[in-house]
Amino acid sequence: MECDALVVGAGLGGIYQTHRLRELGLKTICVEKAPGVGGTWYWNRYPGAMSDTESYLYRYSWDKEDLRTYPWQRRYLYQPDILRYMNHVVDKHGLRDHFRFNTTMVRAEWLDRSRRWRIECDTGHIYTAKYFVNALGLLTAVNFPHITGLDRFAGDLIHTANWPADIDLGNNRVGVIGNGSTGIQVMTALAPKVTHLTSFQRNPQYSVPSGQQPLTKGEREEINQNYDATYEKVWRSQHGHGIPEVTTSAMSVSEAERQQRFQEQWDKGNAFRFMFSAFGDISTNVESNQAACKFIKAKIGETVKDPKKAEALKPTELYARRPLCDTGYYQIFNRDNVDIVNLKQTPIQEIVPEGVRLNNGTVVKLDTLICATGFDAIEGSYLRVTITGEHGQTLKDHWNAGASAYLGVACAGFPNMFLVSGPQGPFANFPCAIESEVHFITACIAKAEERARLATSQPYFAVASQAEADWLDLCDRLTEGSLFKTTKSWIFGQNIEGRKPRVKFYFSGLAAYLAETGKEMEAGFPSFMSTDGSAVVEVNGDGLGAKVEDSLALRAGIPSSA
Ligand code: NA7
């Protein structure tokens, strides 16, 4: 089947990309493994699944009318709310016909002679397309723990990212391995509902209150009145979370002021707020970080009545993972039906049919074992399919030393192919990061179309290897001094056994990313090769819109309204 553009994945990225390519007038098809749209939010439907970006910013910015009129009820969206919203967008914009559900892309190959991608799906469908955009999702490939005997468990074994639709855990003894964002959400939701809950924790994490609460009519009106100004600020911010991003060092103020500032953010709620709005150096200065650790540990001690449980819940590492917030997580450990096992003291020896055997001989008997053990983030989604670019090189080969992509979206040797939320994309509020990437990819495709028209040839748009290498190098350098490197989390890929850590994000954030992509667009895409293999430098940009100007202004530190 012939189309202009094939998009893979109908999550937030794939939906928006399909919309933008259709706007360009391209015949666009989007294939999706699931029976519906949603991506990560389709599969992660475990109890308590919630976005911890505030609702007013966990959506697309590009439909202004929808921003003001689409209803939501709470400060944060739960998974069903997000899925409903995504379906609403698809229907409102008449995109549904572009989707082919229950269709998994398994193989793709660049055909040099016709300058097309040949894309095979598990349904037997084969598509040929000029452009191939992968929006596979950064948190898609499930990470199951390697624990002896896991396959012998006699009860229900569930990964949170593949939650069965019809399961009732009411009378069950439930064990949860993993206590990241997902683990704390699912445990908080299940604790009051199940007979018994055991949390198996290898590294307890720091969590702060989310401040989840119903949204009042007045609050919504205020949000609506300020939406334009809010987004202006968001695009100019690092994290895109609508929070103050302060620069003050936690060590530059008195102990009393430090406590007061932490308390203020604790009371307001929100993980990113606590990490980035009290002080500006929590993630880079060990002393400041330790001050935050001390504050949160004191809160754990105050909240959890059983001193043994409280001790087991106190993290031993720095506060340097993706920050977490909750809706009463520490409080669940005050319930008699909730226990914690410190896996550093008593590791799991094996899983047995009736439960989990610890290395002290104790068997924790379970009816259900939940793995909230996360993802093989970003490249995991790509490593399970075969994508072959120029000269027979596969993406796996290209990423032999670790995954990389120029501006997070393009790989050398893979012409006309793009990734949404690929490696080294901006580390920021996800919908904003996605929009920025899709905006840039769309500009690339528009430029490729234009060049092809002028040259009366088939489009060929391929990033130069040097540009990809330089971007990776920049992303690497930006992590110097980051305390996030000290913890074994998915942010640097240290959660996957045997995987060499590699920088997975561009840590300068959203505004700087817009500036970088704006610079590339404005200069006429000098990092991308033309048909004859040489880089093309054009003086004028492609006129794709105000964001380029904004980006450049940002880069120079000039407000765009100036
Ligand atoms: P995360 O944040 O990667 O957390 C995974 C958790 O699973 C973490 O507590 C891990 O412990 C634990 N884990 C993984 N493997 C094991 C084994 N073998 N034994 C014991 N414990 C294990 O995944 P999430 O799904 O919570 O969140 C991912 C992102 O999704 C999140 O950051 C948001 O952006 C949304 P560890 O800490 O490695 O000791």
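Start at 1 with the first residue, then count along the sequence. Atoms within a ligand are numbered from 1 in the order they appear, just like the ligands themselves. Only heavy atoms go into these numbers, but all of them, side chains included; no hydrogens, no water, no symmetry mates.
Proximity to R321 (heavy-atom distance under 4.0 Å) selects the following atoms of ligand 1: 37 (O). Near N203, meaning under 4.0 Å from any of its heavy atoms, are these atoms of ligand 1: 36 (P), 37 (O), 39 (O). Annotation for ligand 1: atoms under 4.0 Å from non-hydrogen atoms of L139 are 29 (C), 30 (O), 34 (O), 35 (C). The contact set between ligand 1 and A372, taken as ligand atoms under 4.0 Å from a residue heavy atom, comprises 5 (C), 6 (C), 7 (O). Near G178, the atoms of ligand 1 lying under 4.0 angstrom from a non-hydrogen atom of the residue are 6 (C), 7 (O), 9 (O), 12 (C). Residue-ligand proximity, F375 to ligand 1, at heavy-atom distances under 4.0 Å covers atoms 25 (O). Less than 4.0 angstrom separates some heavy atom of T182 from each of these atoms of ligand 1: 24 (P), 25 (O), 26 (O), 27 (O).
Under a cut-off of 6.0 angstrom, the local environment of NZ in K488 is sparse, with at most 12 non-hydrogen atoms contributed by other residues, nucleotides or ligands. A 6.0 Å sphere centred on NZ of K193 holds no more than 12 heavy atoms belonging to other residues, nucleotides or ligands.
Between N143 and ligand 1, no pair of N/O atoms sits closer than 3.5 Å. Where the criterion is an N or O separation shorter than 3.5 Å, residue side chain and backbone included, R322 meets it with respect to ligand 1. Ligand 1 has a nitrogen or oxygen under 3.5 angstrom from a nitrogen or oxygen of R202.
With hydrogens left out, the protein atom closest to atom 18 (N) of ligand 1 is P145 CB, 3.3 Å, a heavy atom. Among all non-hydrogen protein atoms, the one lying nearest atom 8 (C) of ligand 1 is N179 N, 4.0 Å. Looking from atom 23 (O) of ligand 1 to the surrounding protein, the closest heavy atom is G374 CA, 3.2 Å. The closest protein non-hydrogen atom to atom 4 (O) of ligand 1 is G180 CA, 3.8 Å. Nearest to atom 31 (C) of ligand 1 among the protein's heavy atoms is S181 CB, 3.7 Å. Counting only heavy atoms of the protein, atom 21 (N) of ligand 1 lies nearest to I177 CG2, 3.5 Å.
With sequence neighbours excluded, no residue forms a side chain to side chain donor-acceptor pair (under 3.5 Å) with T182. For H196, the ring pair (Phe, Tyr, Trp, His ring centres under 6.0 Å) test picks out no residue, with sequence neighbours left out.
Side chain of D281 to backbone of A250: a donor-acceptor contact under 3.5 angstrom is found.
Proximity of T373 to ligand 1, defined as any heavy-atom pair under 4.0 Å, is shared by backbone and side chain alike.
With ring centers used as reference points, W399 lies under 6.0 Å from Y382.
Checked against D81 for a salt bridge (charged side-chain N to carboxylate O under 4.0 Å, His left out), the options R59, R74, R45 give a single hit: R74. Applying the side-chain contact (heavy atoms from CB on, under 4.5 Å) test between K504 and each of T479, I491, I378 identifies I378 as the sole match. E311 pairs with exactly one of K314, K309, K308 by the salt bridge (charged side-chain N to carboxylate O under 4.0 Å, His left out) rule, that one being K314.
Closest to atom 29 (C) of ligand 1 by heavy atom, among F144, W490, F200, Y46, is W490.
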| query | Do Y506 and L474 pass the side chain to side chain contact (heavy atoms under 4.5 Å, CB included) test, and can you show the C-alpha distance, the side-chain angles, and the key distance before you say yes or no? | reply | CA-CA 8 Å; Y506 169 65; L474 170 69; 4.0 Å; yes
| Can you check ring-ring contact (aromatic ring centres under 6.0 Å, His included) on F274 and F262, steps first, answer last? | CA-CA 7 Å; F274 190 85; F262 281 139; 5.3 Å; yes
